[in-house]
Amino acid sequence: MITLALSKGRIFDETMPLLKAAGIEVLEDPEKSRKLILPTNHANVRVVLVRASDVPTYVQYGGADLGVTGLDTLIEHGTDGLYQPLDLQIAKCRMSVAVRADFDYAAKVKQGARLKVATKYTTIARDFFATKGVHVDMVKLYGSMELAPLTGLADAIVDLVSTGNTLKANHLVEVERIMEISSRLVVNQAALKMKQVDIRRIIDAFSAALPVHSAAAK
Ligand code: PRP
């Protein structure tokens with residue numbers, strides 16, 4: 001049995017064409033079904049639905065053989081025990097710093113002021129500001145980061161930006177682009193050895209279906 005961990009929404013939707021290229025079709029719609037384990041047209045391939053931030057954990061500990069996860073989630077989780085053969089170039093967005101439109105970020109950084117930063121992505125944020133030499137007080141949040149600068153909880157946020165509409169709607173402006181984000185295929189290292197033929201077939205089919213071929217590690 002091959003178990004693939006996916007999260008509902010953009011990652012699930014954008015992984016479907018890649019699975020199709022591998023000859024795999026998921027037989028139930030996760031938006032309509034309450035099931036957490038979805039069968040496919042291959043009796044030995046199934047999809048498990050997990051929270052986006054849990055995908056690396058499932059794959060690392062063998063609850064799934066492989067999974068699709070955002071680079072943001074992967075960096076925050078750490079890559080121990082995970083083989084990362086492919087950048088799937090899906091669910092693209094960027095990790096950015098944003099502040100209230102009336103907050104002079106550049107001046108604060110120049111002055112060497114301490115910044116209060118609210119984010120779900122504390123590892124990425126900490127590394128970024130450490131490299132810049134900016135001292136920060138980190139406030140860990142689990143969602144709706146945009147609210148933090150509006151309520152005085154923080155001076156800045158580190159969050160994902162796609163269209164920029166959420167920032168705009170909340171009168172926030174993007175002041176730094178930290179990194180480009182896309183989803184990665186992650187594979188349990190032990191599973192790769194034990195189920196090499198089946199997993200390699202999926203990796204190769206995904207790789208061949210990508211718009212720009214990123215060489216699959218052999
Ligand atoms: C992300 C992010 C922003 C929003 C940005 O949230 O946290 O809130 O998308 O997208 P935009 O630039 O197109 O407006 P998501 O909807 O993924 O949910 P989350 O808050 O649970 O991370």
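Atoms within a ligand are numbered from 1 in the order they appear, just like the ligands themselves.
Contacts of ligand 1 (protein heavy-atom distance under 4.0 Å) are K120, E146, D159, L160, V161, S162, T163, G164, N165, T166.
Between D204 and R201 there is no salt bridge, since no side-chain N of the basic residue sits under 4.0 Å from a carboxylate O of the acidic one.
A side-chain hydrogen bond (donor to acceptor under 3.5 Å, both in side chains) check over residues 148-164, counting only residues at least two apart or in different chains, returns the pairs T163-N165. Within the structure, side-chain hydrogen bond (donor to acceptor under 3.5 Å, both in side chains) pairs that include any residue of residues 43-56 comprise T3-R46 (at least two apart or interchain).
The two residues P85 and I203 have their closest heavy-atom pair at CG-CD1, 3.9 Å.
Here S96 pairs with R94, V161, E174, R177 under the side-chain contact (heavy atoms from CB on, under 4.5 Å) rule; sequence neighbours left out.
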### Message
Run the salt bridge (Lys or Arg N to Asp or Glu O under 4.0 Å) test on K92 and E180 for me, step by step, so that the C-alpha distance in whole Å, both residues' side-chain angles and the decisive distance to 0.1 Å come before the verdict.
### Response
CA-CA 7 Å; K92 286 186 182 176; E180 297 301 315; over 6 Å; no
